[in-house]
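Order of the sequence lines fixes the chain letters, A, B, ..., with proteins taken first and strands second; residue numbering starts at 1 for each chain. Quantities reported herein were computed from a predicted structural model and do not represent experimental measurements.
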2 protein chains.
Amino acid sequence: MTEAIANLSRKEQVIRKAAELFREKGYAAASMRDLAQLLGIEAASLYSHIKSKEEILRSLCFDMAAEFRKSLEEVEKQNVSSSEKLRRGIIGHIQVMAKDLTASAVFMNEHRHLSQPYLRDFLLLRINYINRFKTIIEEGVKNGEFKSTIDKKLAVMTLFSSLNWMPMWYDPSGGIIEPVELGVQLADMLVNGLKQTPK
Amino acid sequence: MTEAIANLSRKEQVIRKAAELFREKGYAAASMRDLAQLLGIEAASLYSHIKSKEEILRSLCFDMAAEFRKSLEEVEKQNVSSSEKLRRGIIGHIQVMAKDLTASAVFMNEHRHLSQPYLRDFLLLRINYINRFKTIIEEGVKNGEFKSTIDKKLAVMTLFSSLNWMPMWYDPSGGIIEPVELGVQLADMLVNGLKQTPK
DNA sequence: CCTACCGATCGGTAGG
DNA sequence: CCTACCGATCGGTAGG
């Protein structure tokens, strides 16, 4: 029992360190020997905790995907205007990222190194998530909250781009702005860009 | 003479194919043998056209950087409002990207695989470019065109994120929207998010 | 542009 | 978690 717990914890240490390494060097350029060295063990020893290099990537990508999904589902239930729903969706996304910026960066940049059928599954999860944001935008256009002139695909991809690049430049230790405040400001900026301008 | 021209042309073919390969698999995961196969030659033969794998990456990254710089310099000269300047800067950036979406994707995603001192030089070019956009935003805040409440770093990084992810999802053959129209709409959406809301 | 080849490094296994 | 090791593949060179 104690052994199982210790193994689990050690496995998580391996995955966490791997996330840092994958983020810094990229999945393909990061070697298992690099990872072992960071953990102070031999490369071969890694395999008593994980099955393969890709298993680590899978666990990082799919765990993040689950967090994003959960956050959006929470927002979808709420009975608020389209712009407020979009705002909350954005803030939720930012908060999920802020909880683990390293895993978020890996999720965003390295998922393409997943092999099939995992890659396909991952991309399906992502397109589903994006489409749910798109639905919120479409509802807002229908009920007049958002401009009807905007291309909806462009709008949702722009939204996504802004969100997903955040881990690339946001440094919470930089003392610039808090995660929650970041989410609020980002949401304001992006939602305002969509809103019907009052004439 | 003819030989020199032929060599140059062949070298460009190599670089172009490499860009496609780097984009698809990532720089680190793309092998020179993959590249050779795409060109129908042996891996060793590549080295009569290029000095190294990294030379290709360098040429792709720095050529794109020069294009972006040129486009922004053009806009900076113009005597227009801050929001119009920002709008034109965005449209210019999109147009540069649209001219070579493949190289743009490599520029964005693979530059980190440059070795020193090239990486440092590249990052300096990029921060300079970003700062010039930031200056435009700061001017707009000063003269009252843009909200004073917005965090300027957040604003410029959000702008950048939206621009730089475009090659990841935009497919001009998809018949969705033309590059110029894309630039215009993206500019509208992003600039409107910054504008002072009339009370 | 090719054949032949190099040293280095890769992810991973066997067996303890 | 280690030692010892495997086959595969890497970027690149020599010499033509």
Review point. Does A:Val184 share a hydrophobic cluster with A:Leu72, counting links as ILVMFWY side-chain heavy atoms below 4.5 Å and allowing steps through other members?
Key: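 Different clusters.
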Round to the nearest Å and state the distance from [X] atom [atom1] to [N] atom [atom2].
X        : N      : atom1 : atom2 : value
A:Leu46  : C:dG11 : CG    : P     : 10 Å
B:Ile41  : C:dC1  : CD1   : C1'   : 7 Å
A:His113 : C:dC10 : NE2   : C1'   : 15 Å
A:Lys25  : C:dT9  : NZ    : P     : 11 Å
A:Leu21  : C:dC10 : CG    : P     : 11 Å
A:Ile50  : C:dG11 : CD1   : P     : 10 Å
A:Glu54  : C:dC10 : CD    : C1'   : 15 Å
A:Asp34  : C:dA8  : CG    : P     : 17 Å

Check your understanding: Taking the side chain from A:Gln185 and the backbone from B:Leu154, do they hold a donor-acceptor pair closer than 3.5 Å?
Key ->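 Flag not set: sc A:Gln185 to bb B:Leu154 has no pair under 3.5 Å.
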Review point. Pick the nucleotide of DNA chain C nearest each of B:Gly40 and A:Lys53; which residue has the one closer to the 5' end?
Key: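 This one resolves to B:Gly40.
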**Study point:** Closest-nucleotide 5' rank along DNA chain C - winner of A:Ser31 and A:Ala44
**Key:**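 Its nucleotide being nearer the 5' end, the pick is A:Ser31.
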**Study point:** Over 12 foreign heavy atoms within 6.0 Å of CD, A:Glu178
**Key:**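 Open.
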Review point. For B:Arg33 and D:dG12, is the shortest distance between a side-chain N/O and OP1 or OP2 below 4.0 Å?
Key: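 Answer is no, no contact under 4.0 Å.
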Point to revise | B:Ser45 side chain near C:dC2 phosphate (N/O to OP1/OP2, under 4.0 Å) | key: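 Yes.
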Any side-chain donor-acceptor pair under 3.5 Å between [X] and [Y]?
X        : Y        : answer
B:Glu54  : B:Ser115 : yes
A:Ser161 : B:Asn164 : no
B:Thr102 : B:Glu20  : no

Point to revise | Test side chain to side chain contact (heavy atoms under 4.5 Å, CB included) applied to A:Leu119 and A:His113, step by step | key: CA-CA 8 Å; A:Leu119 179 58; A:His113 293 108; over 6 Å; no
Review point. Heavy atoms under 4.0 Å, any strand shown: does B:Ala30 hit a base, just sugar-phosphate, or nothing?
Key: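 Answer is sugar-phosphate: B:Ala30 comes under 4.0 Å of backbone atoms only.
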Review point. Can you tell which of D:dG11, C:dC2, D:dC2 lies closest to the side chain of A:Glu42?
Key: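 Of all the options, the side chain of A:Glu42 is nearest to D:dC2.
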Review point. Which nucleotide, C:dC1, C:dG11, D:dG12, lies nearest any side-chain atom of B:Arg10?
Key: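 Ranking C:dC1, C:dG11, D:dG12 by closest atom to the B:Arg10 side chain puts C:dC1 first.
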Practice item. Using the criterion of both pairing distances under 3.5 Å for Watson-Crick and G-U wobble pairs, give all stems of 3 or more consecutive pairs involving DNA chain C. Key: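 Output for stems: C:1-16 with D:1-16.
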